[in-house]
Amino acid sequence: MSDESQELGITESKSHKPGEWYAEVVQKAGLADYAPMGGFIVTKPRGYALWESLQDALDGQFKETGVDNVYFPMFIPESYLEREKDIVEGFDPEVAWVTQGGHEELEERLAVRPTSESIIAPFMADWTRSHRDLPLRLNQWCSVVRWEATETKPFFRTKEFMWQEGHTAHASDEGAWEEVWTRLGQYEHVFEEHLAIPVLRGKKPDHDKFPGADTTTTVEALMPDGKSVQGATSHHLGQSFAEAFDITFADEDEEEQTAYTTSWGLSWRALGALIMTHSDDQGLVLPPTIAPTQVVIVPIWQADTQEKVLDYSEEIADELEAAGFRVELDDRDERNPGFKFNEHELNGIPLRLEIGPNEVDDEEVTLVHRPDNEDSVADREGIVDTVDEHLETIFDKLYEAAEENLEENVREAHSPENILGTIGKHGGYVKTPWCGDQACEEAIKEKIAAEIVMQPLEEQGGSTAGEVVEPDHDECGVCGEPADELAYFAKSY
């Protein structure tokens, strides 16, 4: 193997050193680099293309359900942040402050937004006068800064990260709950239909909900290393923010009422989950739904067959592009086919078409799947339908592997020893009855760094809060006290 091929290859093992393996995939597949300031990354074109694809998929769903995009300043006056005490207390250790502009000391500190409720809510109050102004649904795509991150893991944990944050106001509690479930359902849809990652829906325990929220709902994804990822959250804020920022409206009887608000968000942590879930020791693996390039065509020729192989390959590339596929024709003559195969595997292109003189003569193509190198030969005629079918098959392979990982790694335990032993040996989710006392979570967390990542909900939706699933046993799995809630423990990113 050449030195160049070794530079292309992944040297770490996903199963043995997942952290090092992940960092190597991100860098060698050209997704991101580390910035000169600790805790920050530089997102490269291929990595940003993944974010744009995810953004497009979600943004379309938002707009179809009445959401308008806006943009608010990245700086928030300290006095605004302090108007909602839970926000300032909840984010205080994470806030980056600006105290000087140019050569002048600022009269008031400005927070670099850790989240935007405290600057968006006052304007929602200004824009809301009557019940006819509601529901008000706003969303912004931006970055936020949280200074908590010490060890950078690109996309999973950085001091600055890209996200969307939605903020809505409603005339009734029921309307706010409908909003919460709508957004949670859209997050579930984008994970399962765009990223090929099955998720669990639930709520965060009260001690881990968003500062100032009544309820935080979540979708959680299980990684192959047994850790959970909080994929996205949708918060029912009740009236706390509306009261703090005076979001009121005149109802149909001209009586003044206080609104109910929600907020909801998904960050590029979803890309970390994507990379970690599907990729392997050869590099990045991407579902066709999000891959910047879905199909790469690699022509294979000798000097006497170059013209006919390239002409045939270009015809197929043009036909596939016309049909809407994202196609790359790799006709570089300074690289041999083996190098190209390795490079495109590393970059995660889902489907490779190999075309040599035999394929041209027989009017065929050879198709190779990225996830497992499964190959087959198909007729040139009907290539559009053939490629479409193969891309669907590749998506299904990725989803089914992730689904199997999830189904096999949800286990029950009914004592502290069993909870600790199960997480320590297998990872994954351990569900257990819970009394609701945070001290029981801390008892597990101190010993194995696992926490309650989710409480599953009964079939929820519509205009009411979801009820937490009741456990089969009525004693807390940690302390043995009476328990009527079910909790999922896991290590998490």
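What you see is a predicted model; the values in this text were computed from it and never measured.
Using cut-offs of 30° and 60° for the angle between ring planes, the W181 and W177 rings count as parallel.
D225 and Y22 share no donor-acceptor pair across their side chains, judged by distance under 3.5 Å alone. Between the side chains of T248 and Q257, no donor-acceptor pair of N or O atoms lies under 3.5 Å. Side-chain polar atoms of S263 and E117 form a donor-acceptor pair below 3.5 angstrom. Between the side chains of K397 and H369, a donor-acceptor pair is found at a separation under 3.5 Å. Between the side chains of T432 and E412, no donor-acceptor pair is found at a separation under 3.5 Å. Side-chain contact, T168 with T262: a donor N or O sits under 3.5 Å from an acceptor N or O. Residues S228 and Y429 have side chains that bring a donor and an acceptor to within less than 3.5 angstrom of each other. In the model, K204 has no side-chain atom that pairs as donor or acceptor with a side-chain atom of Q455 under 3.5 Å.
Remark: R269 CZ to K153 NZ distance equals 12.0 Å, nearest 0.5 Å. The NE2 atom of H278 sits 10.0 Å away from the CG atom of L284 when rounded to the nearest 0.5 Å.
The backbone N or O of E389 lies less than 3.5 Å from a partner atom in the side chain of T393, making a donor-acceptor pair. A distance-only check finds no donor-acceptor pair linking the side chain of D437 to the backbone of C440 [under 3.5 Å]. In this structure, E192 contributes its side chain and V199 its backbone to a donor-acceptor pair below 3.5 Å. Judged by distance alone, the side chain of R201 and the main-chain N or O of V219 form no donor-acceptor pair under 3.5 Å. For the pair D133 (side chain) and R129 (backbone), a donor-acceptor distance under 3.5 Å is present. For the pair K14 (side chain) and S279 (backbone), a donor-acceptor distance under 3.5 Å is present. Q230 places no side-chain N or O within donor-acceptor distance of the main-chain N or O of E220, the cut-off being under 3.5 Å. Using a distance-only test at 3.5 Å, with no hydrogens or angles considered, no donor-acceptor pair links the side chain of E392 to the main chain of I394. One N or O on the side chain of S130 and one on the backbone of R132 form a donor-acceptor pair closer than 3.5 Å. Remark: the backbone N or O of A291 is paired with a side-chain donor or acceptor of R326 at under 3.5 angstrom.
Using a 4.0 Å cut-off between charged side-chain N and carboxylate O, K445 and E441 make no salt bridge. Taking a cutoff of 4.0 Å between a charged side-chain nitrogen and a carboxylate oxygen, D280 and R370 qualify as a salt bridge.
By the 4.5 Å heavy-atom criterion applied to side chains, R83 and S118 are not counted as neighbours. At a threshold of 4.5 Å between non-hydrogen side-chain atoms, the residues E470 and L486 do not count as touching. Between I76 and L110 the shortest side-chain heavy-atom distance does not fall below 4.5 Å. Side-chain contact between R113 and V145: absent, with no pair of heavy atoms (C-beta onward) separated by less than 4.5 Å. V384 is listed as a side-chain neighbour of F325, based on a closest heavy-atom distance under 4.5 Å. Looking at P73 and I119, their side chains come closer than 4.5 Å, going by heavy atoms from C-beta outward.
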Apply the test side chain to side chain donor-acceptor pair (under 3.5 Å) to residues Q186 and T65: give CA-CA distance (whole Å), side-chain angles for both, the deciding distance (0.1 Å), then the verdict.
CA-CA 10 Å; Q186 289 175 338; T65 46; 3.1 Å; yes
For a side chain to side chain contact (heavy atoms under 4.5 Å, CB included) check, start with the C-alpha distance between Y187 and L58, then their side-chain angles and the critical distance, and finish with the verdict.
CA-CA 8 Å; Y187 293 142; L58 264 181; 4.0 Å; yes
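Scanning for side-chain contact (heavy atoms from CB on, under 4.5 Å) contacts around R109 gives E78, W97, T99, with sequence neighbours left out.
Remark: aromatic rings of Y488 and W434 are distant, center separation not under 6.0 Å. Taking the six-membered ring for Trp and the full ring otherwise, the centers of F210 and H235 sit less than 6.0 Å from each other. You'll find the ring centres of W268 and F161 outside the 6.0 Å limit.
By the neighbour-count criterion of 12 heavy atoms within 6.0 Å, atom CD of E252 is sparsely surrounded, having that number or fewer from other residues, nucleotides or ligands. Within 6.0 Å of CZ in F395 there are more than 12 heavy atoms belonging to other residues, nucleotides or ligands. For CD of E105, the number of neighbouring non-hydrogen atoms (other residues, nucleotides, ligands) closer than 6.0 Å is greater than 12.
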Show me, pair by pair, the donor-acceptor contacts under 3.5 angstrom made by side chains of residues 134-144, not counting sequence neighbours?
from: R137; atom 1: NE; to: E179; atom 2: OE1; distance (Å): 2.7
from: R137; atom 1: NH2; to: E179; atom 2: OE1; distance (Å): 3.4
from: N139; atom 1: OD1; to: Q164; atom 2: NE2; distance (Å): 2.7
from: N139; atom 1: ND2; to: N69; atom 2: OD1; distance (Å): 3.0
from: Q140; atom 1: OE1; to: F72; atom 2: N; distance (Å): 2.8
from: Q140; atom 1: NE2; to: S116; atom 2: OG; distance (Å): 3.1
from: Q140; atom 1: NE2; to: E165; atom 2: OE2; distance (Å): 3.2
from: W141; atom 1: NE1; to: D59; atom 2: OD1; distance (Å): 2.9
from: S143; atom 1: OG; to: E160; atom 2: OE2; distance (Å): 2.8

Output a table of donor-acceptor pairs, distance under 3.5 Å, between side-chain atoms of residues 30-56 and any protein atom two or more places apart or on a different chain; print 'none' if there are none.
from: R46; atom 1: NH1; to: A29; atom 2: O; distance (Å): 2.5
from: R46; atom 1: NH1; to: N347; atom 2: OD1; distance (Å): 3.4
from: S53; atom 1: OG; to: H194; atom 2: NE2; distance (Å): 2.9

